[in-house]
Number of protein chains: 2
Amino acid sequence: MNKVESAISLLRSKSIRPSIARIKILEYLSHTTEHPTVEMIHTSLLPAIPTLSKATVYKTVGLLVEAGLARLLYGEDCEAHYDADISDHGHFQCTRCGKIYDFAVNLALLETEGLERFAVTERNVFFRGACPRCLSE
Amino acid sequence: MNKVESAISLLRSKSIRPSIARIKILEYLSHTTEHPTVEMIHTSLLPAIPTLSKATVYKTVGLLVEAGLARLLYGEDCEAHYDADISDHGHFQCTRCGKIYDFAVNLALLETEGLERFAVTERNVFFRGACPRCLSE
DNA sequence: TTATTAGTATGTACTCATTACAATAATATA
DNA sequence: TATATTATTGTAATGAGTACATACTAATAA
Ligand SMILES: [Mn+2]
Ligand SMILES: [Mn+2]
Ligand SMILES: [Zn+2]
Ligand SMILES: [Zn+2]
């Protein structure tokens with residue numbers, strides 16, 4: 001199964017009609033580690049889909065998050081970043097360059113207390129600091 | 001040492017001149033579990049300080065965060081929430097009512113991989129889901 | 001005390017991400 | 001085909017946050 005088919009079947013599995021915009025946006029999210037913003041997604045796809053509007057990007061990423069095909073992160077700048085990697089992993093944002101990095105984290109080992117009567121649907125681990133690249137400058 | 005003295009000495013310890021606005025804002029943050037936004041802080045303190053402007057609240061909470069006297073959380077709505085409890089603890093935001101709750105978490109047990117060359121200065125654990133109150137409706 | 005200065009607070013205008021909405025285009029169904 | 005439904009677009013509005021110039025306050029010096 002190639003990239004496009006994979007995106008299409010993912011969308012179909014969530015009963016989302018696989019339009020060009022949706023396929024391309026999901027594909028783009030699936031093949032980047034950048035955790036892009038709406039602005040970045042729009043800019044990146046505009047050459048391929050010249051008619052793509054930001055409104056569509058906003059709507060589509062909202063749809064993907066709601067369907068569980070992507071996750072939403074808020075960075076330092078209070079801008080929404082999107083990530084098609086929905087597996088358990090932590091995020092590190094560099095306070096100097098703003099880049100968001102993935103890291104492995106064992107959430108199963110995390111002991112919490114006080115959430116007995118809560119229905120937890122989403123677990124985020126978000127670290128901040130300086131990345132190696134910025135540290136070496 | 002009473003509330004006011006405590007806020008004053010906290011500010012002094014960070015070389016921040018304890019003006020009325022700063023004392024009241026820090027005090028308010030220290031005695032609420034609400035994780036208020038700038039809007040909420042401003043509304044709550046306006047009766048006591050009728051001349052308090054939002055610009056001052058923005059500036060002051062920024063100052064407090066920079067000094068390490070408060071922490072900044074981004075909720076679902078991409079609005080900044082402030083918390084004077086700077087001890088290690090996790091946050092849970094209810095996706096229905098928007099309320100942010102504290103919970104105990106043992107961050108020391110959290111195993112991470114891939115951050116060896118990063119300088120981590122801030123660790124956040126952020127969960128989402130439904131709170132007991134919303135679940136019982 | 002008054003004058004000078006630095007630090008603090010205020011109001012306003014602005015930026016910009018996000019949302020709302022109505023109009024248009026595309027797609028599915030009959 | 002015609003008709004209904006869904007998707008996309010452009011634009012206007014919203015609202016959090018920032019920038020900045022002005023006004024105010026408090027500390028220090030003369
Ligand atoms: Mn990620
Ligand atoms: Mn808290
Ligand atoms: Zn960096
Ligand atoms: Zn709730």
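Please read these numbers as outputs of a predicted model, since none were measured by experiment.
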> Are Phe126(A) and Tyr74(B) close enough that their ring centers fall under 6.0 Å?
Replying inline: no

>> In this structure, how many angstroms lie between the P atom of dT9(D) and the OH atom of Tyr58(A), rounded?
In response: 15 Å

> Can you check the Tyr82(B) OH to dA16(D) C1' distance for me, whole Å?
Replying inline: 10 Å

> Rounded to the Å, how far apart are Ile20(B) CD1 and dC24(D) P?
Replying inline: 18 Å

>> Quick check on the 6.0 Å ring-centre criterion: do Phe92(A) and Phe103(A) meet it?
In response: no

>> Distance check needed: dA26(C) P versus Ile49(A) CD1, whole Å only.
In response: 14 Å

> Between atom NE2 in His42(A) and atom C1' in dC16(C), what is the gap in whole Å?
Replying inline: 16 Å

> How close do Arg71(A) and His89(A) get, heavy atom to heavy atom, and via which atoms?
Replying inline: NH1-O, 3.7 Å

> Looking at dT9(D), dT18(C), dT8(D), which one has an atom nearest to any side-chain atom of Thr51(A)?
Replying inline: dT9(D)

> Any chance the rings of Phe118(A) and Phe127(B) have centres within less than 6.0 Å?
Replying inline: no

> Lys59(A) NZ to dT6(D) P: how many Å, rounded?
Replying inline: 11 Å

>> With a 4.0 Å cutoff (strictly under), does any side-chain N or O of Ser19(A) reach OP1 or OP2 of dT27(C)?
In response: no

> Is it true that a side-chain atom of His31(A) and a backbone atom of Glu27(A) form a donor plus acceptor pair closer than 3.5 Å?
Replying inline: yes

> Using a cut-off of 4.0 Å on non-hydrogen atoms, how would the nucleic acid contact of Thr37(A) be classed: base, sugar-phosphate, or nothing?
Replying inline: nothing

>> From the set dT8(D), dT18(C), dG11(C), return the single nucleotide nearest to any side-chain atom of Ala80(A).
In response: dT18(C)

> Among dA9(C), dG10(D), dT27(C), which is the nearest nucleotide to the side chain of Arg17(A)?
Replying inline: dT27(C)

>> Taking any heavy-atom pair under 4.0 Å as a contact, classify Thr56(B): base, sugar-phosphate, or nothing.
In response: base

>> Without decimals, in angstroms, what is the distance between Glu39(A) CD and dT18(C) C1'?
In response: 12 Å

>> If I take atom CE in residue Met40(B) and atom P in nucleotide dG17(D), what distance separates them, rounded to the nearest angstrom?
In response: 13 Å

> Using a cut-off of 4.0 Å on non-hydrogen atoms, how would the nucleic acid contact of Ala55(B) be classed: base, sugar-phosphate, or nothing?
Replying inline: base

